[in-house]
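We number each residue from 1, following the sequence as shown. In each ligand, atom 1 is the first atom listed, and ligand 1 is the first ligand listed.
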Amino acid sequence: MCSDNHQNGRLLLCHQCDMLVALPDLEEGKKAVCPRCDTLLTAKWKEPRNQPTGYAVSALFMLLLACLFPFVSMNVAGIVSEITLTEIPKIMFSEDYSSMAVFFLIFVQLVPAFCMVSIIFLCQNIKMARRLKVELARILFQMKTWCMAEIFLAGVLVSFVKLMAYGDIAVGLSFLPYCLFCLFQIRAFQCLDRYWIWNEIESAPKINVPLKTGKPGLIQGVRLCQCCTAILPAQKHQCPRCYSKGHARRHYSLQWTMALLITSAILYIPANMLPIMVTQTLGSDINSTILEGIILLWSTGSYPVALVIFVASIMVPLLKMLAICWLCWDAKRHGRYNSETMHFIYEMVEFVGRWSMIDVFVIAVLSALVRMGQFMSIYPATGAILFASVVILTMFASMTFDPRLTWDKANKKFELRNNEES
Ligand SMILES: [Zn+2]
Ligand SMILES: [Zn+2]
C-alpha cells in the first residue's frame, strides 16, 4: 500500500524489527502491535492525560508516606532494630559504603520519583520552554529501565526470609504505602504512551520520501528516531523534534555490546569468589559469597528463596551473558536460527536482566537492619559492589545491542524476493 505525505503522521517504524506499519484508527483501550514481531507500537488510553497523572500523583504521595514511618523492624532476643526507608542509604554512607548507598538512592528513590514528577509535568502540559519539555520527555524514557522500586521490594521480601531464622520480623507502617508506590509507578508508566506524548509535544517532522508499508525502513532509506518515534531520512543524524542523534543502525553496536559484555564477564568471576557480605556475631566474622548464601538458605529449609536467589544471582547473569553473545554472533549473520527465535531471546534478556539486582538490595536491607553491635551485625563487602557492576554492565550491553540487526538478515531475503517478483 503506497502512502503520500499526508499519511506520514499515521505511519510508524517498529523499534524492534524496523517494519513500516500504518496505524489503524484505534478505539479507546485498544493497542497496536507490529504484525512482524508482535512488539507493542502504541496504545490508545481512555484518559491519556489524567490516568498517568493520577497514578503518578498517588505514587509520589505513597512514596512520601513510605519515607515518614518505620519500614521494617526486627526483634532478636529482646533487642529491637527499626529502620525507615531514608535510613538505609544514610547508614551505608556513614559506614563508608557510599557506592552501595548511591546505587540505592538512585535506583530506588531518586529515579522513580523524578520519573513520576516528569509524567505529571508532561501529561498536564505545564507551561515551560519547549526545549525543557523535550529534554524532560527524553530523560523520562531513558530512565524507565532504571526504576528498580519493585525489585527492591522483592529484595525486602527475600531478606525477611533470611532473617526469620534469627528473630521476629515485623513490617512497619510505611511498608504498605511502599507496596502501593511500586504498583502505582508501574501503572503510571503503562498508561503513558510514547508515541502519543511525543505527538502532543510536537507533531512529527514531515518526510518527503514515498513510503510503502510492510517494508523495512532501511530498504526505503528512512530510519526511526529511537527516542521520539519520528520517521527520519536515514542520512539525517539529528532528530528535529527531540534533538537525539542516531543512525539507521546504531554505530559500532556489536563492538560496544561485546566490550561491555567482556568487562562484565571478567567482573563476574571476582563477584562470585569474593564475599558479598560479612556477618559479625559475638566477635567472630563470617564472610559469605553469593553461593554460600544460597547453600545456607537451602540448608535451613528455605528452598523457594534459595531457588529465587540462585536463579536471579547466578543463572540469570550467566545466561544473559551467553544470550547476548549468541545475539551478537547471530547478528553477524553466522546464525542458523530465524529472526523470530532470536527476537524472543532478546525480549527475554531485556525483561529479566534488571531482576538480578535482587541480591544487592537484600544486602542493603540486611546491613541497614541488622545493626545490633557485638550481638549481631551485617556489613556489605566488595563482592556486592562488583556484582552490582556486573548487572549494570550487562544491562548496558543489552541496551547498546541494536535489535534490528537480528531482522536485517530477513530483510535481505525480503529484498531478493521482491527483486525476483519485479
Ligand atoms: Zn516489529
Ligand atoms: Zn526524535
Problem - M273, CE atom: more than 12 neighbouring heavy atoms under 6.0 Å - result: no
Exercise for the section: Take atom CZ of F114 as the centre, draw a 6.0 Å sphere, and report whether it contains more than 12 heavy atoms from other residues, nucleotides or ligands. Expected result: yes
Handout entry: C239 N/O/S atom closer than 2.8 Å to the Zn ion (ligand 2)
Key = yes
Practice task
Nearest 10° is fine: what angle sits at the Zn ion (ligand 1) between SG from C34 and SG from C14?
Solution key: 110°
Practice task
Give a yes-or-no answer on whether the side chains of R241 and N199 include a donor-acceptor pair shorter than 3.5 Å.
Solution key: yes
Practice task
State, yes or no, whether a side-chain contact exists between F152 and Y178 at a heavy-atom distance under 4.5 Å.
Solution key: yes
Handout entry: Angle at the Zn ion (ligand 1) (to 10°), with one arm to SG of C37 and the other to SG of C17
Key = 120°
Practice task
Using 2.8 Å as a strict upper limit, say whether an N, O or S atom of H15 approaches the Zn ion (ligand 1) that closely.
Solution key: no
